[in-house]
Chemist: 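Below you'll find the structure I mean.
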There are 2 protein chains.
Amino acid sequence: MSAQSDSNAETTPSEDEVLRRIEQAVLDHRLAPGTKLKEVQLANLFGVKRGLIRKVLTRLAHSSLVQQTPNRGATVASPSVKEGQDLFATRRVIESAVLETLIARVEEKDLEHLADMLKREQQAYLGDEPAQALALSVDFHRELARMAGNSVLETYLNDIIRRTPLVILAHLGDDADNRCRNHEHEVIVDAISRRDVKTAVEVMNQHLLQIESKIRHKPEKQNQGLAALLRPEANPDLT
Amino acid sequence: MSAQSDSNAETTPSEDEVLRRIEQAVLDHRLAPGTKLKEVQLANLFGVKRGLIRKVLTRLAHSSLVQQTPNRGATVASPSVKEGQDLFATRRVIESAVLETLIARVEEKDLEHLADMLKREQQAYLGDEPAQALALSVDFHRELARMAGNSVLETYLNDIIRRTPLVILAHLGDDADNRCRNHEHEVIVDAISRRDVKTAVEVMNQHLLQIESKIRHKPEKQNQGLAALLRPEANPDLT
DNA sequence: TGATTAATTATTGTTAACAATATTCGAGCT
DNA sequence: AGCTCGAATATTGTTAACAATAATTAATCA
């Protein structure tokens, strides 16, 4: 009955590994908001010591994916509608600033890189690989921030991006279409290549508002026990 | 020789207390950038267990005030000039967004509250209480964010404000005039009361650029041992 | 039954001892 | 001296046992 019983070795996962797996489980909403995350249970599940779980939970709490209450442990966070709105409002601010910064310094090879990303993203859509398409679509936003070259802006945007799926899921029963419209990304890149800040920002804000519009009512949908953590992830790559 | 030898009780400080005192020491640059922060030494200094110090250092690392390297401990952070510039650029973005948000929803009692804050700030300046004036001047910015009502923006601004003094100190040998010009705060409040976003943002950006202009060269100024932590703080309030 | 409280169990929080890793110091050498 | 290597020391990292707290159950009474 131990967690150690697979065909191949199955080395004990690192702290980052555990973090990633719990985070992914939350974002795939295999763990619903409000689910209690008990330390010993998680430790057994992953075959690691409780101390490590403890550190991971603290880190997750810091990125607002879990909520920690003194002496009462951790639960998957249930962001309020207000928090979701604040998050999106801030995202518009940050992404606008990213575009403005980027356009002021963008070079030819950056544009080529963006074009390349767009192409791969589109291929994933057309090739009917939604998981891959979603990942690439998120990467697009991250990449803009990276290219803009402001590390603080980049950190904040990454924080927001990390929190976004939970905010959407928490107010949407199911994960209806979290991904971006590829077309809008194209229009944004076009505006960037023309150094047209105004259009780029406008389209980006439209784009984000369109995503935000999915946040509506409350869920009251509860957990299903956290053995779901052991289920293979969306794309079961055990590389 | 123990740390427990004062006249009155001197209860063992809480985690937050220790955090606050180390942070304050960094910001008062009683601990210079680069200073090694050894766990046992700190634990003895504060009369707490090493585990608590460990948690505190991790928290400080998260707000970029200390740098942690695996197996090699923690040092007071030495932010680069680039990081300082990114921080200020982001701050302009955030504060502008705060003003825009705030002006869209500001009410009469908010304006009264701001007027009141301005008055107290001015009194501190005139009364020749620079420490108090600085604190109030920082509070002004925090308060604008709080009143704007976007918790994400508020969190980010607080993060930036927390990091700002170190960035300035690290590139300025000494802490020359970190505080804001009270006059500019007045102009900003005036613009807010007229719902004049454009002016408010312009003045704020000028205001921030003026502070940023103080960042210049590198320091290479090293620590003096961390017993400085035990020195009473700027304002020795032992309430 | 339903409410209240005590006893039991489960869970989180802390710590002291140990392990692993880095740093320092010095001997021996060229 | 300056260098290399290895032992000794110092420092950080982990863990198992314990303590403190919360949640659950059982017992009692109205």
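Here is the naming used below: chain letters follow the sequence lines, and residue numbers restart at 1 for every chain. Computed over heavy atoms, backbone and side chain alike; hydrogens, waters and symmetry mates excluded.
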Chemist: On DNA chain C, nearest-nucleotide positions of B:K55 versus B:R50: which is more 5'?
Modeler: B:K55
Chemist: Does this structure show an ion pair linking B:E154 with B:R142, if we count only N-O contacts that are shorter than 4.0 Å?
Modeler: no
Chemist: Please identify the 5'-most and 3'-most nucleotides of DNA chain C with any atom under 4.0 angstrom from a heavy atom of chain B.
Modeler: C:dT14 to C:dT23
Chemist: Does B:E17 come within less than 4.0 Å of B:R20, counting only side-chain N to carboxylate O?
Modeler: yes
Chemist: Using the ring of each side chain (for Trp, its six-membered ring), is A:H141 parallel, tilted or perpendicular to A:H207, with breaks at 30° and 60°?
Modeler: parallel
Chemist: Taking only Lys NZ, Arg NE, NH1 and NH2, and the carboxylate oxygens of Asp or Glu, determine whether B:R91 and B:D159 approach each other closer than 4.0 Å.
Modeler: no
Chemist: Would you call A:R146-A:E143 a salt bridge at under 4.0 Å N-O?
Modeler: yes
Chemist: For the pair A:R59 and A:D16, find out whether any cationic side-chain nitrogen is under 4.0 Å from an anionic carboxylate oxygen.
Modeler: yes
Chemist: Rounded to the nearest angstrom, tell me the gap between atom NZ in B:K38 and atom C1' in D:dA10.
Modeler: 8 Å
Chemist: So does B:E39 pair up with B:R50, basic N to acidic O under 4.0 Å?
Modeler: yes
Chemist: So if I take residues 68-75 of chain B and measure heavy-atom distances to DNA chain D, which residues fall below 4.0 Å?
Modeler: B:P70, B:N71, B:G73
Chemist: Are A:N150 and B:T90 linked by a side-chain donor-acceptor pair shorter than 3.5 Å?
Modeler: yes
Chemist: Starting from the 5' end of DNA chain D, give me the residue, B:V40 or A:L52, whose nearest nucleotide shows up first.
Modeler: B:V40
